[in-house]
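Counting convention: from 1, in listed order, for ligands and their atoms alike. Just so we're clear, the structure is a prediction, and the values are computed from it rather than from any experiment.
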Amino acid sequence: MRDVGRQKMPAEAVRHQDERGAAAVIGAGIVGVATALYLQRDGWQVTIVDPEEPGEGASKGNAGIIAQEHIIPIGTLNTLLQVPAMLIDSTAPLSLRWRHLPSLAPWLLRLTLASRPSRVEAISRALAGLLAGVLDAYRPLLESAGAPDLLRYKGLHQIYQIERAFRRDAAALEIKRRMGIKLEILNGGQVRERLPALGPSVRHGVWYPDCAHTLDPHRLVQILALDFARKGGRFERRKVDSFTCDGGRVTAVRAGGKTLAADLAVVSAGAWSRPLARMLGQDVPLESERGYHVTLPGSGVELETPILSVDHGIAITSMTPGLRIAGTVELANLEAPPDPKRNRILETRAKTLLPGLKIGGGSDWMGHRPSLPDSMPVIGPVPGCSNAYLAFGHGHLGLTGAAVTGRAIADMAAGRQTGFDIAPFSPARFS
Ligand SMILES: Cc1cc2nc3c(=O)[nH]c(=O)nc-3n(C[C@H](O)[C@H](O)[C@H](O)COP(=O)(O)OP(=O)(O)OC[C@H]3O[C@@H](n4cnc5c(N)ncnc54)[C@H](O)[C@@H]3O)c2cc1C
């Protein structure tokens with residue numbers, strides 16, 4: 001139902017097409033690497049440009065969930081109503097470093113405007129279209145890398161301890177149902193039967209069978225990047241600092257003193273993409289929603305599926321490196337140092353869900369979600385620069401949406417239709 005309009009091409013035909021030219025993909029996070037792989041499959045000679053090794057940004061430490069159900073934007077009336085209480089509680093799932101308020105104000109204003117029910121409905125519909133194909137889009141990349149088991153197809157449990165929070169989510173669940181997301185409402189006992197590590201405080205759950213997860217998001221990027229290199233893809237360990245444009249087209253990407261000729265350029269530098277898009281003539285209101293994780297190798301807890309606690313704004317996933325507790329949102333900027341108190345909050349909140357959880361000996365991390373105020377990424381050509389594409393701003397959904405984004409960029413660059421309505425993701429919406 002959701003994959004209409006896509007012109008199917010046999011995989012082999014795609015792989016053996018004549019070369020299309022040189023493509024520069026800026027950023028080696030999950031979005032950049034997946035995009036590079038799809039362009040490579042289409043015959044482009046692709047170079048990924050990044051000063052870091054693949055997967056060192058936000059893609060390194062996320063919660064690992066392919067959250068195909070996650071179609072409700074972060075900005076809703078429901079969220080706005082909870083903001084004042086959260087801002088005065090220093091342990092709440094949302095925190096703001098007040099001195100950054102002036103620079104964040106335009107983004108917050110746009111988020112507020114995007115929270116109108118009519119916009120929420122439209123954004124959810126657009127995201128449902130994008131996310132319907134996420135597992136389909138990952139499959140050929142994982143098969144080609146010889147690592148189909150990097151994803152587990154076990155679904156996701158969203159859980160609630162607070163009765164009021166569950167009732168408040170009724171409208172969101174109704175939208176999801178209407179948009180074709182498969183879900184099942186469970187009571188506390190039913191959730192505990194499936195996930196015995198959960199304690200008695202869990203009162204409600206929602207089961208999403210079509211979600212998946214990875215046991216190691218960092219390794220996922222690394223393995224895909226290795227496959228890209230094995231198939232002739234190149235890496236430049238440099239920071240992109242400018243573009244050369246001629247006649248409304250990019251002709252070269254300049255990075256750390258080197259000029260790379262380019263017939264196609266894709267900006268997929270996550271939370272660092274805004275200045276690069278500006279250089280191409282398109283400003284996009286991108287901010288970082290900073291998130292934290294703690295990974296506990298000796299947690300004493302094993303979960304069959306990831307869990308998403310609505311009350312605490314955290315996800316918990318059993319992974320190869322240990323039990324990962326990840327989430328919460330901190331609004332500051334890209335430079336502010338991490339606040340280790342946020343990592344400890346994750347542990348204490350998780351303990352209320354998992355009474356047997358052993359805390360200690362874990363590793364702490366903070367990462368930058370590249371977030372746009374309407375919770376939708378930009379995926380499409382830069383207005384006025386037809387061979388430059390933007391592919392960033394996936395916020396809470398970068399792992400989920402990476403492969404389908406990469407496939408869409410390759411489709412657009414080849415003049416094919418994407419398999420979903422791409423118009424709502426156009427960078428031109430911010431013109
Ligand atoms: C705590 C937490 C939990 C999360 N959980 C999930 C989850 O369960 N599921 C999900 O789907 N998403 C999740 N996310 C979101 C997800 O991690 C991000 O949306 C995603 O990783 C973004 O990927 P990216 O490739 O766009 O950016 P990144 O992974 O940040 O990569 C950007 C790359 O661009 C490079 N770069 C920057 N500037 C330049 C330049 N000038 N030139 C060249 N390269 C440059 C950087 O070095 C970096 O390697 C989570 C995020 C956080 C913080």
- Item | Donor + acceptor pair across side chains of H213, T317 (<3.5 Å) | no
- Under 4.0 Å from a heavy atom of G270: give me the atoms of ligand 1 that qualify, with their elements. 26 (O), 27 (O), 32 (C)
- Starting from the C-alpha separation in whole Å, work towards a yes-or-no answer on side chain to side chain contact (heavy atoms under 4.5 Å, CB included) for Y292 and L346. CA-CA 8 Å; Y292 288 78; L346 293 174; 3.8 Å; yes
- Query: Any nitrogen or oxygen of H396, main chain or side chain, under 3.5 Å from a nitrogen or oxygen of ligand 1?
  - Reply: yes
- Query: Any N/O of G291 closer than 3.5 Å to an N/O of ligand 1?
  - Reply: no
- Query: Below 3.5 angstrom, do we get any N/O pair linking G395 and ligand 1?
  - Reply: yes
- Item | Any N/O pair P51/ligand 1 closer than 3.5 Å | no
- Message: Check this for me, if you would: do R237 and E53 make a salt bridge, where the nitrogen-to-carboxylate-oxygen distance has to be below 4.0 angstrom?
- Response: yes
- Item | From CA spacing to verdict: side chain to side chain contact (heavy atoms under 4.5 Å, CB included), R324, I316 | CA-CA 6 Å; R324 176 161 300 167; I316 310 180; over 6 Å; no
- Item | Atoms in ligand 1 with a heavy atom of V240 nearer than 4.0 Å | 40 (C), 41 (N), 42 (N), 43 (C)
- Close-contact set for ligand 1 against E52 heavy atoms, below 4.0 Å: 47 (O)
- Message: Within the 4.0 Å heavy-atom shell around T400, which atoms of ligand 1 are there?
- Response: 9 (N), 10 (C), 11 (O)
- Query: Can we say R342 and D364 salt-bridge, meaning some charged N sits less than 4.0 Å from an Asp/Glu carboxylate O?
  - Reply: no
- Does V31 reach ligand 1 with a nitrogen or oxygen that is under 3.5 Å from one of the ligand's nitrogen or oxygen atoms? yes
- Query: Can you tell which of S273, S59, A63 gets a heavy atom nearest to atom 3 (C) of ligand 1?
  - Reply: A63
- Test of proximity, A271 against ligand 1: N or O pairs below 3.5 Å: no
- What atoms of ligand 1 come closer than 4.0 angstrom to any heavy atom of I30? 23 (O), 25 (O)
- Heavy-atom proximity to atom 46 (C) of ligand 1, picking from D50, V25, L397, points to D50
- Dump the intermediate steps for side chain to side chain contact (heavy atoms under 4.5 Å, CB included) on R41 and L141, then the final yes or no. CA-CA 10 Å; R41 291 168 73 84; L141 303 188; 4.1 Å; yes
- Message: Can you check which of N62, V267, L131, V49 brings a heavy atom nearest to atom 17 (O) of ligand 1?
- Response: N62
- Query: By number and element, which atoms of ligand 1 are closer than 4.0 Å to a non-hydrogen atom of G327?
  - Reply: 1 (C)
- Contact atoms of ligand 1, heavy-atom distance to I65 under 4.0 Å: 7 (C), 8 (O), 9 (N), 10 (C), 11 (O)
- Query: Going by atom types alone, do H70 and T400 pair a side-chain donor with an acceptor below 3.5 Å?
  - Reply: no
- Query: Does R278 come within less than 4.0 Å of D283, counting only side-chain N to carboxylate O?
  - Reply: yes
- Message: Looking at K239 and E52, is any side-chain nitrogen of the basic one under 4.0 Å from a carboxylate oxygen of the acidic one?
- Response: no
